[in-house]
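Beneath this line is the structure, given in structure tokens, with notes to follow.
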2 protein chains.
Amino acid sequence: MNQVKQTKRTTIYDLAELAGTSASAVSAVLNGNWKKRRISSQLAEKIMRIAEEQGYALNMQASLLRREKSHIIGMIVPKYDNRYFGSIVELFEDMARARGLFPIITCTRRDPQLEVEAARTMLSYQVECLIATGATDPDRITEMCAAAGVRSLNLDLPGALAPSVISDNFAGARELTRRILKNSEQRLGKMEPLLFIGGRGSDHNTAERIRGFRGAHADLGVAVHEENILACGYAPEKAEKALDERALGGNALPKGMFVNSTISLEGVMRWIRRSGHLDDRSLVLGCFDWDPFVTLLGNGIEMVRQDVPGMLNKVFELIESGANKPVVIQVPPLIPEAQEA
Amino acid sequence: MNQVKQTKRTTIYDLAELAGTSASAVSAVLNGNWKKRRISSQLAEKIMRIAEEQGYALNMQASLLRREKSHIIGMIVPKYDNRYFGSIVELFEDMARARGLFPIITCTRRDPQLEVEAARTMLSYQVECLIATGATDPDRITEMCAAAGVRSLNLDLPGALAPSVISDNFAGARELTRRILKNSEQRLGKMEPLLFIGGRGSDHNTAERIRGFRGAHADLGVAVHEENILACGYAPEKAEKALDERALGGNALPKGMFVNSTISLEGVMRWIRRSGHLDDRSLVLGCFDWDPFVTLLGNGIEMVRQDVPGMLNKVFELIESGANKPVVIQVPPLIPEAQEA
DNA sequence: AATTCTTGCTTCATCGATTGAGCAAAGTTG
DNA sequence: CAACTTTGCTCAATCGATGAAGCAAGAATT
């Protein structure tokens, strides 16, 4: 506070000089193990006072270079545009800090190239562990980490080479589909096969959800029409375009729809609005993911809410247990009480 | 890839030994200035090949310790639970990387204590610049940064000690209020004073928005009722509770409402739903912030969308210009086309 | 009084990458 | 062919924090 401009930042050597002692005593005092190093509490207090006065801040780079463990934990995440990833990131930061770790997070926009670059950068920063959330190529990341002797875990989408924590997509999708079919029966008087829209056919979650979707149809004796399975990608525009195309060709569009994410739901709602179905109460929707406004959309849209705290608990359990085997842990999603129509 | 387990990570010394050369040649080659250091392209290629084979990753801690500039840029952000902060973070990461900077972001949950701790940690990581987004105590952060000789900027909420980039809250709120009043006239046949809900009375943005709210009322000759200004905080529950309390005491609740954030709108919509007004088409709402689902809520809710790219452009302009004076730059928000009711 | 133990420090090597200075060999010039 | 320049590297100090090893002075023990 005294100096207005400081070209150089204060180091332990500066503090040592001011205190008339050695840098190593300063280091011992400031990192808290001065009792073990037998520094007198007099000197300790003096050093702490001076550090305070000078506004000393540790140089983490120097500290980390010397220490064996970095206590940095990294996470890559596809997007920040929905509540699911938002809450993952927020809670992850919290849980990491509660464990004395420093979280660094980076957003890779579902871009495999960016994922690899981000992982490489995080390894440069000496992360002790890297969580790949919803990665398009999780095994690539696991390999990079393994080569550097760093642990890695997959979250949301599983990989074959590292432990993975994911939602129980199959069970969640089956229950969601069952609910949409039941609502559809109730509102339309009959049970018709649903439309599935959103997600990538190539990703594990989407595949499992489609399996659950088929399963629920089978359970209730309803045949699935292949032309009604539109794994068109996640972006709203893609869902909108897919519905346009589906509406043009073939049979009439189903009244009931299973939407594979809130972000796809955005496109679906846009399409519904544009095509004049907004007040069509006969549309029966369900969404695999949760957003508070969707509840309020007023069309009785069913949602599945992925259990973020549950998933992150498993993640930290895995980290703490040191397990490295490529298991897949499935966390059941939460299914809120049925919505009124 | 060759070794299954590596206890130690590969360093430039390992590579030097493998290449039969010196660490300094390896360093020069790998950080790209080997031409300046007159390393032959033969040796350069050899070193790069070996580095690739060994899966070498730079130790950033060591590199940063030696270099003068860290190229790390930090941002603190209050929450990840809305589109506004989500897009700020996503675009910030992008723009930072495009400029060769490494972004680190941390979420401080509107907690002043956490803000200070996060800032201190970022300073330890040698950030070159710290962006305090929506900070509750931005000047405290600026002081900490100044003491360490680090630049800081405020985003979203202004401070008195560093340059600030914020939305033009006054103009945005005035226009939003004007639109709600006009919609209200159109739908209800008359223009009645609105309710203002959400935000903290103590924060600059809320104060400015209230000023714009009053201004638009005055412009249109409508008197504002003080009991209708509820700066109850941002959380949905707070908005819900505030409406409950307001509904109990005093006059009838206004039909028109200015909601100060999407997160408060969540609470407002919950209240509306719970109190049986969900299908009440006479409710006329506007929200200072944008969310795609709000458009689809179907009640013709007006929105103001803060110009995130515009704001971040200003932020990086300030960073690049090196300006340090505590100016406040106001970026006009975008007001989408009026919604049909 | 001589020995051992304890206290309270300091010294110095180290972590891995960077870079100014320096040096030998090859190439060029007068 | 001597003097100078250029090429292509190596050496060694350095960034700031850490902690094992060591050392001097005083306290306790025999």
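Letters go in sequence order (proteins before strands), and every chain restarts at 1. Both backbone and side-chain heavy atoms feed into the values below; hydrogens, waters and symmetry mates do not.
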**Prompt:** Quick one: do the A:R200 and A:T136 side chains pair a donor with an acceptor below 3.5 Å?
**Reply:**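 Distance-only check fails for A:R200 and A:T136.
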
Side-chain N or O of [X] closer than 4.0 Å to phosphate OP1/OP2 of [N]:
X	N	result
B:S22	D:dT10	yes
B:T21	D:dT10	yes
A:N31	D:dA17	no
A:Y56	D:dA17	yes

What is the separation between atom [atom1] on [X] and atom [atom2] on [N], rounded to the nearest whole Å?
X	N	atom1	atom2	value
A:E17	D:dA17	CD	C1'	17 Å
A:R38	C:dC5	CZ	P	13 Å
A:N59	D:dT14	CG	P	18 Å
B:N33	D:dG8	CG	P	16 Å
B:L64	D:dG16	CG	P	13 Å
B:R66	D:dA12	CZ	P	16 Å
A:L123	C:dA17	CG	P	14 Å
A:I12	D:dG16	CD1	P	10 Å

**Message:** Starting the side chain at C-beta, find the nucleotide from C:dT7, C:dA17, C:dC15 nearest to B:S27.
**Reply:**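 Minimum distance to the B:S27 side chain belongs to C:dA17.
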
**Message:** Looking only at the side chain of B:L65 (C-beta and beyond, no hydrogens), which of the listed nucleotides C:dT7, C:dG16, D:dA17 gets closest?
**Reply:**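 Closest of the options to the side chain of B:L65: C:dG16.
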
**Prompt:** Between the base of D:dT10 and the side chain of B:R37, is there any donor-acceptor pair under 3.5 Å?
**Reply:**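 By the distance-only test, yes, there is a pair.
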
**Asked** Is there a donor and acceptor pair, one atom on the side chain of B:S24 and one on the base of D:dC11, closer than 3.5 Å?
**Response**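 In this structure, the two groups form a donor-acceptor pair.
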
Under 4.0 Å, counting only non-hydrogen atoms across every strand here, what does [X] touch: a base, just sugar-phosphate, or nothing?
X	result
B:L58	sugar-phosphate
B:L30	nothing
A:S63	sugar-phosphate
A:S40	sugar-phosphate
A:L43	sugar-phosphate

Step through the shown structure and confirm whether more than 12 heavy atoms of other residues, nucleotides or ligands are within 6.0 Å of [atom1] on [X].
X	atom1	answer
B:R99	CZ	yes
B:K314	NZ	no
B:E17	CD	no

**Message:** Go nucleotide by nucleotide along DNA chain D from the 5' end; which of B:I39 and B:A62 gets its closest nucleotide reached first?
**Reply:**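 Upstream on the strand: B:I39.
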
**Item:** Salt-bridge criterion met for B:R49 and B:E53 (N-O under 4.0 Å)
**Value:**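 Looking at B:E53 together with B:R49, the answer is yes, because their closest N to O distance falls below 4.0 Å.
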
**Identified side chain to side chain contact (heavy atoms under 4.5 Å, CB included) counterpart of B:L153 within the set B:I329, B:V165, B:N324, B:V315** =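 Between B:L153 and the candidates, side chain to side chain contact (heavy atoms under 4.5 Å, CB included) is satisfied uniquely by B:V315.
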
**Message:** Need to verify one output field. Residue with the more 5' nearest nucleotide on DNA chain C, A:G20 or B:Y13?
**Reply:**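 Residue closer to the 5' terminus by nearest nucleotide: A:G20.
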
